[in-house]
Amino acid sequence: MSGPFALVDCNNFYVSCERVFAPRLHGVPVGILSNNDGCVIARSEELKRLGVAMGVPAHLIAPALKRKIVLCSSNYELYGDMSARVLEVMRAHYKGVEPYSIDEAWIDLTGHAVTIDELNALRQSIRRLTGIPVSIGLAPTRTLAKLANRYAKRASSGVYVMPAPSDPAHPALLRATPVDQVWGIGTRLALRLKAQGILTAHALSTADPHALRRAFSVVLARTAMELAGTACFEMNDADSDKHALMTSRSLSRATQCPTALMQAIRQHTNRSAEKLRQQGSTARAVMLTMSTSKHIGPARHHGRVVIELEHPSQDTFMFLRAARQGFEALYRKGVRYQKCGVMLMDLARTDQQQLSLLGNVSGEATLNDALMSTLDRANRRFGQRALTVGFIDGAGPWQLKCDHRSSRCTTRWDELARVRRT
DNA sequence: TCTGGGGTCCTAGGACCC
DNA sequence: TCTGGGGTCCTAGGACCC
């Protein structure tokens, strides 16, 4: 028997992070933009009230409206660091904290008679120590805790405890919840469910799991059982390794120049390899993707190619050779590419890999291992891309546009916040 | 002019084996 | 004339999440 579970969710997380170090943003409509200052990906309550939708392209916001609001470039280094601080406070209160995304974490409270006062204390503690406001939902299953969290956001206390499935308030609440608001039900599934007359969370919770399994999938059957109060979803091991590692970016402007594209690819390969070594894994294959803008009609084009390596590797040089090979195969003259990415695949732990008859026997491998760890140390100390394999020009079209980024004041000495005494 | 970047899991279907 | 069947592995693609 497992559960209950609490879901701790940071309110308007990216905006809240910005506000911690820029008090002038309190009470002001604030939006955070995606990479290249493309779309709005996070909004303050004030901005939501002005009707600015999630995902709307920044250039489509009316100029009159734009003058009334503040748009910031995203500052992932800051958000990542603030996220780690919130987790640290949670771990000081509870065992069983499982990060779920940059702004959410579960607490597995199996065997723990938790009280609402305790959760309130956690909430206040996070606010005081990090400056970040959070909402907490508590329920017997994760799917119900997700729902409870929605209610917590509306509650003035910021904490909501789901009534037990035996409580008459439970079905009433599920009846009031449209099925598309259930965790795991996206647009497509909601449409198919509605076609079958399943319109609310309650209807889904009372549907026959076997029938759901046959008509849809095992995941939907489990979601239904979770709504009815039976915990089915195990959490991914929080520290588990990724199965694939991707680095991709839109270019700040489309290009057909092979030199420029190859530099972007080199940059992504360097970054993916760094992430790979950080989690202590090797890769057996490199996938390269290159595509045009999605918004140019029939001329759009998406190419991808997978290059298998001779043996599992952590070596940026080897990945770059593969990426170059992929580029030769994919590149088409005259196509204006908008985005490219490098994915490392078939990952395995360095300590669990099968030995190859041919791999890792030459002196070259050990020499490169040493070189790679020096590279990583240098980049940790002097900032990303301080040292890269292969030439990467700092001013090409692949460089991120982020004209309104706040300072990375919690992770960079040279960007510390300044306080002026008046 | 300008439209994000990661991930996960599941399923269907083909290839291949015996 | 008659033309198996079950299992596994792999891949592509769909759907979802934040």
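Nearest to the side chain of Arg249(A), among dT11(B), dT8(B), dG6(B), sits dG6(B). Side-chain proximity of Cys39(A) to dG6(B), dG4(B), dC10(B): nearest is dG4(B). For His295(A), whose side chain is taken as the heavy atoms from C-beta onward, the closest listed nucleotide among dG4(B), dC10(B), dT3(B) is dT3(B). Here dC9(B) is the nucleotide among dG7(B), dC9(B), dG4(B) with the atom lying nearest to any side-chain atom of His243(A). Of all nucleotides listed (dG4(B), dT11(B), dG7(B)), dT11(B) comes nearest to the side chain of Val218(A).
Residues Arg213(A) and Ala244(A) each lie close to DNA chain B; by heavy-atom proximity, the contact nearer the 5' end of the strand is made by Ala244(A). Position along DNA chain B of the nearest nucleotide to Met246(A) versus Lys401(A) favours Lys401(A) as the more 5'-ward residue.
Of the N and O atoms on the side chains of Asn11(A) and Ser135(A), at least one donor lies less than 3.5 Å from an acceptor on the other residue. Of the N and O atoms on the side chains of Ser407(A) and Glu415(A), not one donor lies less than 3.5 Å from an acceptor on the other residue. Between the side chains of Gln338(A) and Thr292(A), no donor-acceptor pair is found at a separation under 3.5 Å.
If you check every strand for non-hydrogen atoms under 4.0 Å, Lys339(A) touches sugar and phosphate atoms only. At a threshold of 4.0 angstrom between heavy atoms, the contacts of Thr247(A) are confined to the sugar-phosphate backbone, with no base atom among them.
Between the CG atom of Asp403(A) and the P atom of dC2(B) there is a distance of 15 Å, given to the nearest Å. One interatomic measurement links the two molecules: CD of Gln338(A) to C1' of dC2(B), which rounds to 9 Å at whole-angstrom precision. As rounded to whole Å, 11 Å separates atom C1' of dC10(C) from atom CD of Glu308(A).
A cation-pi arrangement is absent between Arg142(A) and Trp183(A), since the terminal nitrogen or guanidinium carbon is not both under 6.0 Å from the aromatic centre and inside a 45° cone about the axis.
Between Asn75(A) and Arg408(A), some side-chain heavy-atom pair lies under the 4.5 Å cut-off. Between Tyr160(A) and Asn149(A), the closest side-chain pair of non-hydrogen atoms is not below 4.5 Å. Inter-residue side-chain proximity for Gln256(A) and Val335(A) is flagged as unmet; no heavy-atom pair is nearer than 4.5 Å.
For the contact set between residues 52-73 of chain A and DNA chain B, defined by any heavy atom under 4.0 Å, the members are Pro57(A), His59(A).
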Checklist entry - Dot-bracket, DNA chain B: Watson-Crick or G-U, under 3.5 angstrom, [ ] crossing, | other strand? => result ....||||||||||||||
Item to check | Base-contact (B) and sugar-phosphate-only (S) positions in nucleotides 12-18 of chain C, heavy-atom cut-off under 4.0 Å, - elsewhere | outcome: -S-SSSS
